[in-house]
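So the structure is just underneath, and the comments pick up after that.
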Amino acid sequence: MEPNRMKIWRSRKRKVEDLIETCSCLYHQAAENEDDDDSCGCVYHTQPDCDIESETGSVCECDIHMQAAEVSDHSEMSSSPTHTAFPLGGIDFTLGTSAADRINGINHYGTMESSISPHPAQSYSSDSEEDFVPNFRSESSCADSDDEKFEESSTTKAFLRPGPDIGSNNSDSDITVYDDEEPLTQRIFLEHGPESEEDSDSSVNSGNDDEQENEEIPEDPSDDPGDSEYSDENQSDNDNNSSDSDPDADLPPGTRILTFENDLLNTPLEMEAQHTTREALAMVLSLADKNNLNYEMIIKILIIIHTILGNSALPVTKKQLWSVLNRHAAGVRKHAYCSRCFRALGFLNLLPNPVVCVCGWTKSKGKVKYFITLNIRAQLERLLTLPGMWEKLQYPQDRVKENPDAIEDILDGEAYIRLRAAENGPGPSDFTYNFNLDGFKISDSSKTEAWPIFLKINELRPNLRQKHVVLAGLWVDRDYVHFNLFMKTFVKQANKLSTTGVTHQRDGEEVVSRFFPCCCVADSKGRAGIMRMSTHNGNFGCTFCEHVGVKLEGSMKYPTPGTVVNRIRQHRGQEYMEEIVIPPAELRTDQSIRNLMALERRTRGVIGPAQVMLLNHFDLGIGCSTDDLHPIYKGVTEFHTELLLDGVPEVYFVGINERAVINQRLQGILTPTHISRKPRAIDLRHMWKASEWRNWLLFYAIPCLRGIIPDRYVRHFGLLSKAVFLLSRDLITEESLQEADRTLNEYVNGFQALYGPSNMRFSVHMLTHLVQCVRNWGPLWAHSTFPFESWNHIMGKKMSSPRGAIDQMVMRYLLHFLIASIPSSDQISDNVKEVIDLQIIGSKMKNIVVVDNAYFFGEVIERDATQMELAMLEENGLRNYHNVIEYTQVKLKGMECRSVRYRHDMQSYNCFIYTRDDYFASVDSIVIVSDGYNQVGGVFLTLYEVGDAILGVDHLVPIVNADERAFEIISNIKNLAIKGRIRDTSFITPMHNQCEID
């Protein structure tokens with residue numbers, strides 16, 4: 001389209017729309033019209049301000065629509081009811097110029113004179129490297145090409161979308177171009193004509209990847225040409241074409257600002273006397289916790305309620321709020337310490353003013369630094385008294401393993417089993433926990449770090465462990481965290497928990513439950529601080545073995561034992577080359593570490609005695625986890641990806657075009673809700689979070705890099721993907737452990753061979769300890785730092801000001817803990833609990849039906865089974881199950897599955913599944929079938945036939961065929977799956993487990 005005509009068209013269309021939108025009638029707000037399209041019948045047209053002459057309402061002659069007609073008459077397009085055609089990529093759009101036509105329902109985009117041009121409106125090639133990005137061309141670019149003929153095939157459909165305020169049902173008024181084979185991956189809507197051929201291409205390639213199905217899509221204000229990059233230019237055109245420069249010219253008579261004059265506001269408030277002050281405060285605090293409101297806002301809300309009631313016991317000051325909530329009895333202790341010598345000074349509230357340390361350091365009491373500990377016993381006691389909690393803690397006895405010999409949880413780890421079997425170890429009423437110490441910045445612009453100690457109980461179901469985390473202490477400082485001082489108070493509380501335990505009531509009887517430390521989950525810095533050992537950038541920096549390490553190119557590296565390396569040394573100002581052989585590294589044991597600590601000097605990486613050596617039942621040799629977040633995903637995966645993208649001279653090069661192809665492939669991958677962060681461009685990898693690097697390693701990298709980087713390098717990266725996937729599953733056999741061990745050794749040796757000893761970072765060395773850690777403590781997700789990092793994020797969000805950050809985070813945690821106990825409180829009515837759950841917190845699951853331990857919910861359709869469905873049901877032994885209740889969602893063991901009919905979230909695709917029989921499928925419908933007496937939950941599926949693994953990575957397979965239908969019992973669904981498409985091949989892969997936190 002010619003630029004001037006395009007500007008005129010946009011200017012005229014926008015002006016008319018702006019005027020018509022002022023009309024508040026239902027008809028012109030695109031609401032549902034009556035059968036008679038010529039009759040408006042709205043309240044607006046009965047107002048005295050609207051001088052209607054015709055009873056039919058076929059033409060509105062009010063000031064608003066008369067101005068719209070004037071704009072149409074002054075348009076340079078045409079003042080007659082003729083139509084002007086504008087070519088759009090080979091498709092002609094004709095625009096009516098009469099304002100009355102638009103008022104009567106004619107589409108603002110006009111009618112299509114020629115639905116398909118003789119020349120192609122768009123061409124698509126599934127074999128192109130651009131990965132199903134349609135190539136739109138202008139009519140002029142195709143005018144001389146006789147050999148390119150447009151053929152309307154079964155895989156290409158076109159519709160013209162109706163205007164925003166018309167609601168026309170004309171099927172010729174919506175244009176959508178997509179591929180039938182991949183209807184979920186490409187949705188491109190043509191709403192406005194491009195100004196030029198270049199604009200057309202750019203608009204397609206920059207399209208949103210959040211594609212949608214063929215359904216009615218609400219008008220996005222951003223689609224208005226006035227909001228586009230040409231807005232200033234369009235506004236200028238509008239000003240030139242406007243017949244009246246008065247800013248109030250388009251306002252209807254009687255227009256006012258916002259007022260309180262509505263008669264409904266005269267209704268007196270009626271209070272329900274049965275609601276208590278406790279319930280009102282519970283609702284306000286739930287709102288504050290959900291939306292991270294500060295204390296000032298909480299008090300103001302309480303003042304509003306107090307004013308309305310006239311006389312209430314609600315707290316209206318901060319002091320009254322803490323008094324009502326018994327803050328003084330919350331078990332919060334502030335431990336002051338000397339910031340020079342890190343000597344404990346005692347409880348802050350008991351210190352004199354000023355505070356003087358024995359080292360000579362003196363500070364006023366208000367400037368003394370302190371850390372906080374919380375009463376762990378009190379938190380566990382409240383946790384044990386929650387209704388149903390004791391039954392939930394019986395998970396180890398109640399669970400049914402799929403494979404008795406496999407590792408399916410931390411409960412199957414060798415170290416956990418030894419702890420349970422130890423003398424004076426945990427009994428039937430006792431429990432274990434993992435603890436974490438990991439730091440995070442309180443804000444992006446601050447150097448201050450917060451270091452919380454969290455506890456997570458292992459005997460809860462995996463999907464409940466994250467919910468019931470206990471905060472033991474918090475250290476906030478910008479300089480340094482003294483691990484030994486901080487751990488001293490934690491060790492004292494932990495030893496009491498494993499000896500005297502927690503007393504609670506169960507069935508009217510007093511029961512004592514002890515809690516035992518199991519595994520320390522921390523990154524390399526946290527492990528080194530807790531164990532008082534060298535960090536990874538020093539000699540003997542590994543807490544699991546005595547690898548000496550060697551400094552190459554200015555930093556510590558960890559080549560494989562037996563490697564011969566040359567390093568530069570200096571002697572009396574002279575540099576010389578020294579050849580050394582990396583010696584074998586023996587594994588550390590509990591006894592060897594204790595012996596080195598007893599020496600009280602730095603020896604083989606051990607600095608001195610650590611407080612953790614006094615922690616009862618804790619094994620220093622294997623008590624720490626390798627972690628997966630920092631060494632694997634943020635460590636090796638990120639580093640290896642950078643090496644791959646940097647290329648190898650004279651072997652391959654990854655340029656701008658190759659990265660663009662990788663980006664397009666990433667956008668074609670369909671992920672479930674378990675992956676909250678959707679695939680982002682490879683150019684934004686410096687902004688990727690750890691969960692994105694995990695998804696890149698396990699699911700995206702191999703298909704996206706294949707064909708761009710030589711197979712030799714992609715296969716090597718695939719070894720890491722394969723091994724980590726095996727160790728992250730929720731069922732790990734002995735064969736899987738041995739295969740993962742071989743694969744990781746091959747990867748580490750291959751990494752050194754490809755990239756040299758100078759790139760053997762500590763994170764690469766940590767891979768050699770993964771398999772043994774899984775043997776001791778179960779799958780990687782069972783002792784991962786992901787859940788604790790999630791809690792670090794929650795703690796950081798609770799802070800509203802950097803001043804007094806430590807007190808804010810602790811009190812916000814206690815409020816969160818308090819609100820979590822509301823559902824079990826017998827002092828709060830069920831009505832208030834429902835309001836908190838559904839309206840304040842916003843529970844997603846409503847109208848739930850439970851069948852076969854699965855929760856069915858969502859949109860409901862009751863119908864009879866089809867003949868094909870009856871046949872599939874009979875194959876599963878369900879004869880005469882004619883009644884079908886179809887749902888859109890089902891939740892099973894924390895996994896939410898959706899049918900292809902689900903339309904509310906078009907960014908996530910939970911319709912692809914992996915079954916216990918090891919096949920992949922797409923969920924056509926989620927149903928509860930019945931014969932009138934019995935009910936069975938299940939899914940109707942389209943089965944996928946898959947081929948051989950992609951580049952030897954067993955969990956990534958191509959889809960060969962998808963035409964077989966089947967019915968599957970709901971309990972046979974094992975996990976969700978991820979589907980993608982590269983060129984003309986689709987691939988699919990199962991999620992590694994159901995428990996991991998994204």
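- Pairing each heavy atom of Leu767 with each of Tyr747, the nearest pair is CD1-CE2, 3.5 Å.
- Proximity of Leu552 to Pro757: side-chain heavy atoms (C-beta onward) are separated by under 4.5 Å at one or more points.
- Look at Lys722 and Asp954 and you find a salt bridge, because one of the NZ, NE, NH1 or NH2 atoms lies within 4.0 Å of a carboxylate O, short of that distance.
- In this structure, Arg418 does not pair ionically with Asp619, as no charged nitrogen and carboxylate oxygen lie closer than 4.0 Å.
- Here Glu579 does not pair with Arg567 in a salt bridge; the nearest charged N to carboxylate O distance is not below 4.0 Å.
- By the 4.5 Å heavy-atom criterion applied to side chains, Pro631 and Val636 are not counted as neighbours.
- Put simply, the side chain of Pro990 does not reach to within 4.5 Å of the side chain of Phe699, judged on heavy atoms.
- When only modelled atom types and interatomic distance are considered, Thr671 and Lys678 share a side-chain donor-acceptor pair under 3.5 Å.
- Cation-pi geometry between Lys456 and Phe788 is met: under 6.0 angstrom from the ring centre, within 45 degrees of the axis.
- You'll find the side chain of Glu402 reaches within 4.5 Å of the side chain of Glu408, heavy atoms only.
- Salt bridge present: Arg569 and Glu578 bring a charged side-chain N and a carboxylate O closer than 4.0 Å.
- Side-chain contact between Pro703 and Arg665 is absent, with no heavy-atom pair separated by less than 4.5 Å.
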Can you check ring-ring contact (aromatic ring centres under 6.0 Å, His included) on Phe751 and Phe717, steps first, answer last?
CA-CA 9 Å; Phe751 191 93; Phe717 190 64; 9.8 Å; no

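- Between Phe371 and Trp475, the ring center distance clears the sub-6.0 Å criterion.
- Of the N and O atoms on the side chains of Trp696 and Thr641, at least one donor lies less than 3.5 Å from an acceptor on the other residue.
- Of all heavy-atom pairs spanning Pro779 and Ile410, the tightest one is CD-N, 4.4 Å.
- Taking the six-membered ring where the residue is Trp, Tyr337 and Phe342 present parallel rings, their angle staying beneath 30° rather than reaching 60°.
- For the pair Arg761 and Tyr558, the NZ or CZ position fails the cation-pi test of under 6.0 Å to the six-membered ring centre and within 45 degrees of the ring normal.
- The aromatic rings of Phe762 and His765 sit tilted relative to each other, their planes meeting at an angle between 30° and 60°.
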After noting the C-alpha distance and the side-chain angles of Arg685 and Glu642, does the key distance pass the salt bridge (Lys or Arg N to Asp or Glu O under 4.0 Å) rule?
CA-CA 9 Å; Arg685 62 189 181 280; Glu642 292 297 336; 2.7 Å; yes

Verify salt bridge (Lys or Arg N to Asp or Glu O under 4.0 Å) between Glu459 and Arg420, making sure each step is shown before the conclusion.
CA-CA 12 Å; Glu459 282 69 28; Arg420 278 284 179 182; 3.1 Å; yes

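- In this pair, Phe454 and Trp791 present their aromatic rings tilted. The plane angle is within the 30 to 60° band.
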Report the C-alpha separation of Arg594 and Asp590 in whole Å, then their side-chain angles, then the decisive distance to 0.1 Å, and conclude whether the salt bridge (Lys or Arg N to Asp or Glu O under 4.0 Å) test is met.
CA-CA 6 Å; Arg594 292 180 185 273; Asp590 179 76; 3.0 Å; yes

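- Between Phe516 and His617, the ring-plane angle classifies as perpendicular under the 30° and 60° cut-offs.
- Judged purely by distance below 3.5 Å, without hydrogens or angles, the side chains of Asn975 and Asn993 never pair a donor atom with an acceptor atom.
- Salt bridge annotation for Glu734-Arg775: present, with a cationic side-chain nitrogen under 4.0 angstrom from a carboxylate oxygen.
- The CG atom of Leu726 lies 12.0 Å from the CG atom of Leu770; values are rounded to the nearest 0.5 Å.
- Taking the centre of each ring, Phe440 and Trp451 stay at or above the 6.0 Å mark.
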Evaluate the side-chain contact (heavy atoms from CB on, under 4.5 Å) criterion for residues Thr560 and Ile582: first the C-alpha distance (whole Å), next the side-chain angles of each, then the deciding distance (0.1 Å), finally the verdict.
CA-CA 7 Å; Thr560 57; Ile582 304 300; over 6 Å; no

Do His716 and His640 pass the ring-ring contact (aromatic ring centres under 6.0 Å, His included) test, and can you show the C-alpha distance, the side-chain angles, and the key distance before you say yes or no?
CA-CA 10 Å; His716 174 248; His640 196 165; 5.2 Å; yes

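- Heavy-atom contacts from other residues, nucleotides or ligands closer than 6.0 Å to CD of Glu586 number 12 or fewer.
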Test salt bridge (Lys or Arg N to Asp or Glu O under 4.0 Å) applied to Lys401 and Asp409, step by step:
CA-CA 10 Å; Lys401 295 186 61 175; Asp409 198 351; over 6 Å; no

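- Leu737 has its side chain within reach of Leu727: a pair of non-hydrogen atoms, C-beta onward, lies under 4.5 Å apart.
- Test Asp628, Asp438, Asn436, Asp627 against Thr785 for side-chain hydrogen bond (donor to acceptor under 3.5 Å, both in side chains) and you get one pass: Asp627.
- The shortest distance between side-chain heavy atoms of Ser446 and Arg478 does not fall below 4.5 Å.
- Under a 3.5 Å cut-off, the side chain of Thr603 and the backbone N or O of Val606 do not form any donor-acceptor pair.
- In this structure, Arg694 satisfies the cation-pi test against Phe786, with its NZ or CZ atom closer than 6.0 Å to the six-membered ring centre and inside 45 degrees of the ring normal.
- Side chains of Met795 and Leu471 form a contact here, defined as non-hydrogen atoms less than 4.5 Å apart.
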